[in-house]
Amino acid sequence: MRKSWQEYFMEITEMVASRSTCDRAFVGCVLVNQDNRIVSTGYNGSVSGNAHCSQIGHTMRDGHCIATIHAEMNALLYCAKEGITTKNTAAYVTHFPCLNCTKSLIQAGITAIYYQNDYRVDDYAIELLENNHIPYQKITFEEA
């Protein structure tokens, strides 16, 4: 049976997450336009050209690894660097975006967030999504 678009893109987020270099969370993000075409992908990792957490360990501050750029930000920043629009895209993410990533996704013009795992879901992130009329949906799939 043919996979639904949601299942297809969520499976791709898992593959993208496998590239993460910060083992505190393996997160993947796929930005998809209205024609169901992938615009960008991103995973948790260090700034380009810098050592990865998997190589040198974590740089911790206030309980967070500050060396890591989140998957959502990496997907957005690639688009910014290459001049690719993110307006009217949907974000598929392995984990619910943190507050800063939620704000960035909203500001970048995303129209929906689909995610698989609840992870530190912030009440203010939910409030922002609802105030901006951006649907968010947890996606789960039955194993065949």
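Quick caveat, the model's predicted, so the values are computed rather than measured.
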Determine, using the 4.5 Å side-chain heavy-atom cutoff (strictly less than), whether I139 and I113 are members of one ILVMFWY cluster. no
Report yes or no: do L77 and V30 belong to one cluster of Ile/Leu/Val/Met/Phe/Trp/Tyr joined by side chain heavy-atom distances under 4.5 Å? no
State, to 0.1 Å, how close M10 and Y114 come at their nearest heavy-atom pair, and which atoms those are. SD-O, 4.0 Å
Any non-hydrogen side-chain atom of P97 less than 4.5 Å from a side-chain atom of L105? yes
Is it possible for you to say whether I12 and V39 belong to one hydrophobic cluster, with membership spreading through side-chain heavy-atom contacts below 4.5 Å? no
Results of ring pair (Phe, Tyr, Trp, His ring centres under 6.0 Å) for F96 - residues two or more places apart only: Y115
Ignoring hydrogens, what is the shortest heavy-atom contact between A17 and G28? Give both atom names and the distance. CB-N, 3.4 Å
Listed once per pair and sorted, the side chain to side chain donor-acceptor pair (under 3.5 Å) pairs that draw on residues 123-136, sequence neighbours left out: E130-Y136
Flag yes if M15 and F9 sit in one hydrophobic cluster, no otherwise; membership is Ile, Leu, Val, Met, Phe, Trp, Tyr, and two members link when side-chain heavy atoms are under 4.5 Å apart. no
What's the spacing between N44 CG and T21 OG1 if we round to 0.5 Å? 7.5 Å
Between CD of Q116 and CG of D118, what distance do you get to the nearest 0.5 Å? 11.0 Å
What pairs meet the side chain to side chain donor-acceptor pair (under 3.5 Å) rule with one or both residues in residues 70-90, with sequence neighbours excluded? none
Give the cluster check for M73 versus Y119: same hydrophobic cluster or not, with ILVMFWY residues linked at side-chain heavy-atom distances below 4.5 Å. no
Which one of I110, T102, L128 satisfies the side-chain contact (heavy atoms from CB on, under 4.5 Å) criterion with I134? I110
Check: T94 main-chain N/O paired with N117 side-chain donor or acceptor under 3.5 Å: yes
Set of side chain to side chain contact (heavy atoms under 4.5 Å, CB included) partners for R2, sequence neighbours left out: none
Is there a side-chain contact between L76 and L31 in this structure, where contact means two heavy atoms from C-beta onward sitting under 4.5 Å apart? yes
Running the 4.5 Å side-chain criterion over Ile, Leu, Val, Met, Phe, Trp and Tyr, what cluster does V27 land in, apart from itself? V93
Residue set satisfying ring pair (Phe, Tyr, Trp, His ring centres under 6.0 Å) with F26, at least two apart, ordered chain then number -> none
Let me confirm one number: the CZ-OG1 distance from R19 to T41, rounded to the nearest 0.5 Å. 9.5 Å
Closest approach of A75 to S40 (non-hydrogen atoms, all atoms of both residues): O-OG, 2.9 Å
